[in-house]
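In each ligand, atom 1 is the first atom listed, and ligand 1 is the first ligand listed. FYI, side chains are in, hydrogens and waters are out, and symmetry mates aren't considered; it's all heavy atoms of this structure.
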Amino acid sequence: MVSSLHHPSIALISVHGDPSVDIGREEAGGQNVYVRQVGEALARLEWDVAMFTRQTHADQPRVVEHLPNCRTIRLTAGPEDFVPRDEIFDYLPMFVQEFLRYQRSIGHVFPLIHTNYWLSSWVGMQLKQHQSVQQVHTYHSVGAVKYQSMDALPAIATTRLAVEQRCLETAERVVATSPQEWDHLRSLVSSHGRVDVIPCGTDIERFGHVSMATARQALGLAADAKVVFYVGRFDPRKGIETVVRAVGQSHLRQDERLRLIIGGGSRPGHSDGRERERIEGIVADLGLQAQTWFPGRISDEDLPLYYAAADVCVVPSHYEPFGLVAIEAMASSTPVVASDVGGLQYTVVPGETGLLAPVRDAAAFAQAIDQILSQPDWRDQLGRAARDRVVDYFSWDGVAIQLDRLYRKLLLGSDARHLNQVGA
Ligand code: UDP
């Protein structure tokens with residue numbers, strides 16, 4: 001592998017978010033999608049892309065080719081089994097050693113790494129002690145913000161907070177995915193370090209090209225149904241309980257056409273099974289079983305159908321640095337009702353592309369959902385504006401161009417520094 005500014009190489013490091021697994025189960029969500037989409041988009045811009053992640057099953061292939069110049073590479077670090085992200089830290093030194101070994105095996109040292117989530121940021125900072133490399137980092141979740149919404153902190157909290165601060169202060173560039181995340185980093189993590197805002201993106205060709213009628217027919221939903229849709233990981237932080245309770249309080253609750261679809265999650269026995277059972281329990285307590293459908297993990301092929309079939313997509317997260325689901329729904333011309341937090345305040349424009357409601361406030365969510373469901377013309381207007389907003393600001397290709405520009409600037413800067421040193 002030869003890296004030059006014409007055909008540069010980059011390592012995307014995502015220790016716990018494997019870019020080539022099925023999304024929607026256990027802990028696989030937005031980060032996995034981000035890394036895969038960034039990697040593939042960069043490859044289309046002539047980058048040679050290697051995406052490094054942890055092997056989580058003995059039978060997984062070591063290498064997955066996405067495109068001729070874009071692949072996932074799995075390194076063994078700890079058990080070849082699912083390990084919750086809060087328990088991965090101790091295996092990171094092994095990940096670093098395996099990464100270095102891989103570089104030796106191909107005779108190439110990556111000049112640029114883009115690390116994802118704090119675990120990978122630690123790997124990146126260690127690599128800098130072994131080689132000359134520039135680090136770009138995306139947090140995906142900021143501990144200092146996340147912990148504000150939690151009653152009991154995990155044992156790893158102190159380590160995570162310290163690593164997140166050191167990364168912000170030492171990385172060549174941090175990418176905040178929303179202005180809200182930028183504010184959080186500055187006010188809660190450190191006033192030092194270089195941060196650019198480059199949002200997450202979505203594929204505007206994949207979403208928004210199927211009509212509601214066709215989608216409903218394909219999914220076996222009635223043409224006149226009133227469809228409220230959630231999709232995402234089953235994690236208490238995602239606030240699924242709020243959308244269930246909101247539907248329980250909706251004016252349309254007795255309307256036979258009302259449908260609540262809750263997509264995502266594994267079958268029982270997996271790490272996210274407990275939240276799934278808890279949510280099913282609340283649905284039963286509220287007597288909503290007849291209206292509610294749990295399709296499980298939604299595949300990449302089916303996802304555009306679900307968004308198109310929905311009247312409204314609800315994103316009730318307690319905390320969301322960006323929130324890909326919101327822009328996927330918007331790209332599908334489906335208005336979004338979201339928690340008034342984090343990146344959702346950036347993507348959803350209240351009254352124009354959807355509505356925002358206070359976190360965990362089921363009554364406010366119910367009111368917002370009812371407002372949209374009871375005014376079909378307004379609903380369509382919100383949907384059109386939502387699509388326009390995604391096309392203007394959040395298409396993957398546009399986002400990849402911004403990242404490409406940043407990486408090239410960093411590589412050019414390091415070349416210039418190198419030349420100065422040589423000339424001095
Ligand atoms: N997702 C999916 N199928 C599912 C559940 C989720 O493809 O059954 C995808 C969803 O479309 C989105 C991602 O998982 O691309 C979730 O990302 P988001 O940023 O909304 O949440 P996170 O997982 O990062 O908390």
Participant: Say whether Glu164 and Tyr139, considering side chains only, have a donor N or O and an acceptor N or O under 3.5 Å apart.
Facilitator: no
Participant: Looking at Gly264, which atoms of ligand 1 are within less than 4.0 Å of one of its heavy atoms?
Facilitator: 8 (O)
Participant: Is there a heavy atom of Arg237 sitting under 4.0 angstrom from any atom of ligand 1?
Facilitator: yes
Participant: Please check if the side chain of Glu320 supplies one atom and the backbone of Phe322 the other of a donor-acceptor pair under 3.5 Å.
Facilitator: no
Participant: Just going by heavy-atom distances, which of Thr177, Ile262, Val33, Ile298 is nearest to atom 3 (N) of ligand 1?
Facilitator: Ile298
Participant: Select one of side chain, backbone, both or neither to describe which atoms of Asn32 lie under 4.0 Å from any atom of ligand 1, heavy atoms only.
Facilitator: neither
Participant: Check for a donor-acceptor pair, side chain of Arg216 on one end and backbone N or O of Gly220 on the other, with a separation under 3.5 Å.
Facilitator: no
Participant: Check each atom of ligand 1 against the heavy atoms of Arg297 and keep those under 4.0 Å away; list them by number with element.
Facilitator: 8 (O)
Participant: Between the candidates Lys238, His140, Arg233, Glu328, which shows the shortest non-hydrogen contact distance to atom 12 (C) of ligand 1?
Facilitator: Glu328
Participant: For atom 16 (C) of ligand 1, which candidate among Ala326, Gly30, Cys200 holds the nearest heavy atom?
Facilitator: Gly30
Participant: For His66 and Thr72, which heavy atoms make the closest approach, and how far apart are they?
Facilitator: NE2-OG1, 2.7 Å
Participant: Please classify the Val325 to ligand 1 contact at 4.0 Å (heavy-atom distances, strictly less than): side chain, backbone, both or neither.
Facilitator: both
Participant: Test of understanding: given a 4.0 Å heavy-atom threshold, classify the contact between Leu324 and ligand 1 as side chain, backbone, both, or neither.
Facilitator: both
Participant: For Pro335, is there any backbone N or O sitting under 3.5 Å from a side-chain donor or acceptor partner on Arg379?
Facilitator: no
Participant: According to the interplanar angle, ranging from 0 to 90°, do the rings of Phe52 and Tyr102 count as parallel (below 30°), tilted (30 to 60°) or perpendicular (above 60°)?
Facilitator: perpendicular
Participant: Side chain to side chain contact (heavy atoms under 4.5 Å, CB included) with Met51: which of Ser14, Cys70, Ser20?
Facilitator: Cys70
Participant: In ligand 1, which numbered atoms sit nearer than 4.0 Å to a non-hydrogen atom of Leu303?
Facilitator: 7 (O), 11 (O)
